[in-house]
Number of protein chains: 2
Amino acid sequence: MTIKTAPSKTPAAPAAGDLLALDNQLCFALYAASGLVTRAYRPLLEPLGLTYPQYLAMLALWEQAPRTVKALGQALDLDSGTLTPLLKRLEAAGYVTRTRDADDERRVQVALTPAGAALKAKAAEIPAALACRLDIPAQDIAALRATLQALARRMRSEQT
Amino acid sequence: MTIKTAPSKTPAAPAAGDLLALDNQLCFALYAASGLVTRAYRPLLEPLGLTYPQYLAMLALWEQAPRTVKALGQALDLDSGTLTPLLKRLEAAGYVTRTRDADDERRVQVALTPAGAALKAKAAEIPAALACRLDIPAQDIAALRATLQALARRMRSEQT
DNA sequence: GCCTATTTAATTGTGTACAATTAAATTTGG
DNA sequence: CCAAATTTAATTGTACACAATTAAATAGGC
């Protein structure tokens, strides 16, 4: 029989004993929430023929295209090992083109095809559909987003 | 030349025109933050010989073991397609055992080996090391965690 | 100019993720 | 009891994700 040493008055601050409990890990909360949100997108993206990471790449390209693989990687926090095959699939689907930059043959410019640009109109409904499923006030969503972006900014600037 | 229709007074609420901008997506903020945090764990987990998802599985087992593959899957939000190979690697590393349940041969019980249980002591330093890198007040971390857990709870209960 | 260092994508190998299927064991309805 | 439905893991196939390496192109120092 064990004696509870301190019936914590602040449930948000984990007791020393269960620092490793899954429920006390911010990292796991992030991991699980990210996975759940990604899964929620799947049925909405399927009609467009896109996976979730492909959707993110298209978002980046709808904002600005053409872009180099490197620029896309910086926007999405992904490296060429992930992007190269992903972009080849988008190319096979007819949404983007990949062409060596004539000025600098190391670079590959990723551009939208007409079909890729046209897809933006169909995608326009997705954020609203998802916000509806999340069922959270828009204000709270914006606040959570800002908190996460601040966290990401801090971590990026801190690469030891 | 375009005319700005409404110089938004609330920068957190995106204008209609850029609903699809990457910076306005909660999903991408989650995705990017989750990836960055996972990457921050990597150097800390390498001395233990664990990947980040393997670490999550060990966290779940340190909390309660033995557990069935299904119970682990529910705790981690992962299915057998992901867990089976991951657990086989943990078994090969000598941290867990996988044995068919005699009472119900459909189940596989995952238990900790002495080495697996002993690993918990080494892992105990990790949360503090990471909290230090995040450089956020413990209170804010707890608040963000609670927000994400509430979001996850809502999404889980809403599977259409 | 020339040699070296850097930059940029692609490739290779390992490890998640997940949908769909399979196969075996258990539960349930009649 | 017994056939059908359900449960549980494993398997298969596709798609990320990243470290490490490779290869080609460019930039910089001398």
Side-chain angles (χ1 to χ4, degrees), chain A residues 27-28 31-43 45-46 49-58 66-74 76-93 96-110 159, chain B residues 27-28 31-43 45-46 49-58 66-74 76-93 96-110 159:
Chain A
C27 69
F28 177 62
Y31 173 87
S34 177
L36 281 164
V37 170
T38 299
R39 257 166 271 169
Y41 269 95
R42 209 179 301 275
L45 293 175
E46 210 209 327
L50 293 176
T51 65
Y52 178 70
Q54 288 168 7
Y55 170 68
L56 292 180
M58 293 302 289
R67 297 168 89 150
T68 64
V69 172
K70 180 174 179 59
L72 261 180
Q74 285 170 340
L76 300 173
D77 253 312
L78 294 173
D79 69 0
S80 72
T82 301
L83 280 177
T84 296
L86 185 154
L87 292 171
K88 284 183 178 175
R89 282 187 274 271
L90 285 179
E91 188 180 34
V96 308
T97 58
R98 296 161 58 247
T99 48
R100 286 276 163 194
D101 188 328
D103 289 348
D104 184 342
E105 297 236 334
R106 289 171 303 184
R107 296 185 218 275
V108 167
Q109 295 287 350
V110 182
Q159 330 264 32
Chain B
C27 68
F28 177 62
Y31 173 86
S34 177
L36 282 163
V37 170
T38 298
R39 258 166 270 168
Y41 270 95
R42 207 179 304 276
L45 293 176
E46 211 210 326
L50 294 176
T51 65
Y52 178 69
Q54 288 167 7
Y55 171 68
L56 293 181
M58 293 302 288
R67 298 168 86 149
T68 64
V69 173
K70 180 173 179 60
L72 262 180
Q74 285 170 340
L76 299 173
D77 253 314
L78 295 173
D79 68 1
S80 72
T82 301
L83 280 177
T84 296
L86 185 155
L87 292 172
K88 283 183 178 175
R89 283 183 205 105
L90 286 179
E91 188 179 34
V96 308
T97 57
R98 296 160 59 248
T99 46
R100 285 277 162 193
D101 187 327
D103 289 347
D104 184 342
E105 297 237 334
R106 290 171 303 183
R107 297 186 217 275
V108 166
Q109 296 287 349
V110 183
Q159 328 264 35

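These numbers come from a predicted model, not from an experiment. Chain naming here is simple, since letters A, B, ... match the order of the sequence lines and numbering starts at 1 in each.
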Colleague: Using the side-chain heavy atoms of Pro53(B), tell me which of these nucleotides is nearest: dC16(D), dT16(C), dA25(D).
Modeller: dT16(C)

Colleague: Using 0.5 Å steps for rounding, measure from the OG1 atom of Thr68(A) to the CG atom of Asp104(A).
Modeller: 9.5 Å

Colleague: Grab the CG-C1' distance between Leu87(A) and dA17(D) for me, whole Å please.
Modeller: 14 Å

Colleague: Measure from CZ on Arg106(B) to C1' on dT22(C) and round the result to the nearest Å.
Modeller: 16 Å

Colleague: On the nucleotide dA10(D), are OP1 or OP2 found under 4.0 Å from the side-chain N or O atoms that Thr84(B) carries?
Modeller: yes

Colleague: Determine, step by step, whether Lys88(A) and Arg98(A) satisfy the side chain to side chain contact (heavy atoms under 4.5 Å, CB included) criterion, reporting the C-alpha distance in whole Å, the side-chain angles of both residues, the deciding distance to 0.1 Å, and the verdict.
Modeller: CA-CA 8 Å; Lys88(A) 284 183 178 175; Arg98(A) 296 161 58 247; 3.6 Å; yes

Colleague: Looking at every strand, decide which applies to Asp101(B) at a 4.0 Å heavy-atom threshold: base, sugar-phosphate, or nothing.
Modeller: nothing

Colleague: Below 4.5 Å, heavy atoms only, C-beta onward: do Met58(A) and Val96(A) meet side chain to side chain?
Modeller: yes

Colleague: Does dA9(C) have OP1 or OP2 under 4.0 Å away from a side-chain N or O of Ser80(A)?
Modeller: no

Colleague: Indicate, with a heavy-atom threshold strictly under 4.0 Å, whether Leu78(B) touches base, sugar-phosphate, or nothing.
Modeller: sugar-phosphate

Colleague: Any side-chain N or O of Thr51(B) less than 4.0 Å from the OP1 or OP2 oxygen of dT14(C)?
Modeller: no

Colleague: Would you say Arg39(B) places a side-chain N or O within less than 4.0 Å of OP1 or OP2 belonging to dC18(D)?
Modeller: yes

Colleague: From C-beta outward on Thr68(B), which listed nucleotide comes closest to its side chain: dT6(C), dC16(D), dA9(D)?
Modeller: dA9(D)

Colleague: Just to confirm, is there a sub-4.0 Å distance from OP1 or OP2 of dT16(C) to any side-chain nitrogen or oxygen of Gln54(B)?
Modeller: yes

Colleague: Would you mind telling me which of dA25(D), dA17(C), dA19(D) lies closest to the side-chain atoms of Thr82(B)?
Modeller: dA17(C)

Colleague: Given atom OH of Tyr52(A) and atom C1' of dT16(C), what is their separation to the nearest angstrom?
Modeller: 17 Å

Colleague: Is there a side-chain contact between Thr38(B) and the phosphate of dA17(D), meaning an N or O under 4.0 Å from OP1 or OP2?
Modeller: no

Colleague: Pick the nucleotide of DNA chain D nearest each of Leu86(A) and Glu105(A); which residue has the one closer to the 5' end?
Modeller: Leu86(A)

Colleague: Nearest to the side chain of Tyr31(A) - dA10(D), dT6(D), dA17(C)?
Modeller: dA17(C)

Colleague: Taking the nucleotide of DNA chain C with the closest heavy atom to each, which residue, Ala102(B) or Asp104(A), is nearer the 5' end?
Modeller: Asp104(A)

Colleague: Closest approach to the side chain of Arg89(A), judged atom by atom: which nucleotide of dT26(C), dC16(D), dC18(C) is it?
Modeller: dC16(D)

Colleague: Does a nitrogen or oxygen in the side chain of Arg107(B) sit under 4.0 Å from OP1 or OP2 of dA25(C)?
Modeller: no

Colleague: Starting from P on dT22(D), measure out to CG on Asp79(A) and report it in whole angstrom.
Modeller: 17 Å

Colleague: Might you point out which heavy atoms bring Leu76(A) and Ala57(A) nearest each other, and give the distance in Å?
Modeller: CD1-CA, 3.8 Å

Colleague: Start with the C-alpha distance between Val110(B) and Leu83(B), add both sets of side-chain angles, then the distance that settles side chain to side chain contact (heavy atoms under 4.5 Å, CB included), and finish with yes or no.
Modeller: CA-CA 11 Å; Val110(B) 183; Leu83(B) 280 177; over 6 Å; no

Colleague: Could you give the CZ-to-P distance, from Arg100(A) to dA23(D), as a whole number of Å?
Modeller: 14 Å

Colleague: Is Lys88(B) close enough to dA9(D) that one of its side-chain N or O atoms is under 4.0 Å from OP1 or OP2 there?
Modeller: no

Colleague: Leu83(A) has an atom CG; how far is it from atom C1' of dA17(D), in whole Å?
Modeller: 10 Å

Colleague: Quick check for you: to the nearest 0.5 Å, what is the distance between Leu72(B) atom CG and Gln74(B) atom CD?
Modeller: 10.0 Å

Colleague: Could you give the CD-to-P distance, from Gln109(B) to dA10(D), as a whole number of Å?
Modeller: 12 Å

Colleague: Measure the distance from CE on Met58(B) to P on dG15(C) and round it to the nearest whole Å.
Modeller: 16 Å

Colleague: Measure up the Tyr31(B) and Tyr52(A) rings against each other and bin them: parallel (under 30°), tilted (30 to 60°), perpendicular (over 60°).
Modeller: perpendicular

Colleague: Of the options dC18(D), dC18(C), dT26(D), whose atoms approach the side-chain atoms of Arg42(A) most closely?
Modeller: dC18(C)

Colleague: OP1, OP2 of dA10(D) versus side-chain N and O of Arg98(B): anything below 4.0 Å?
Modeller: yes

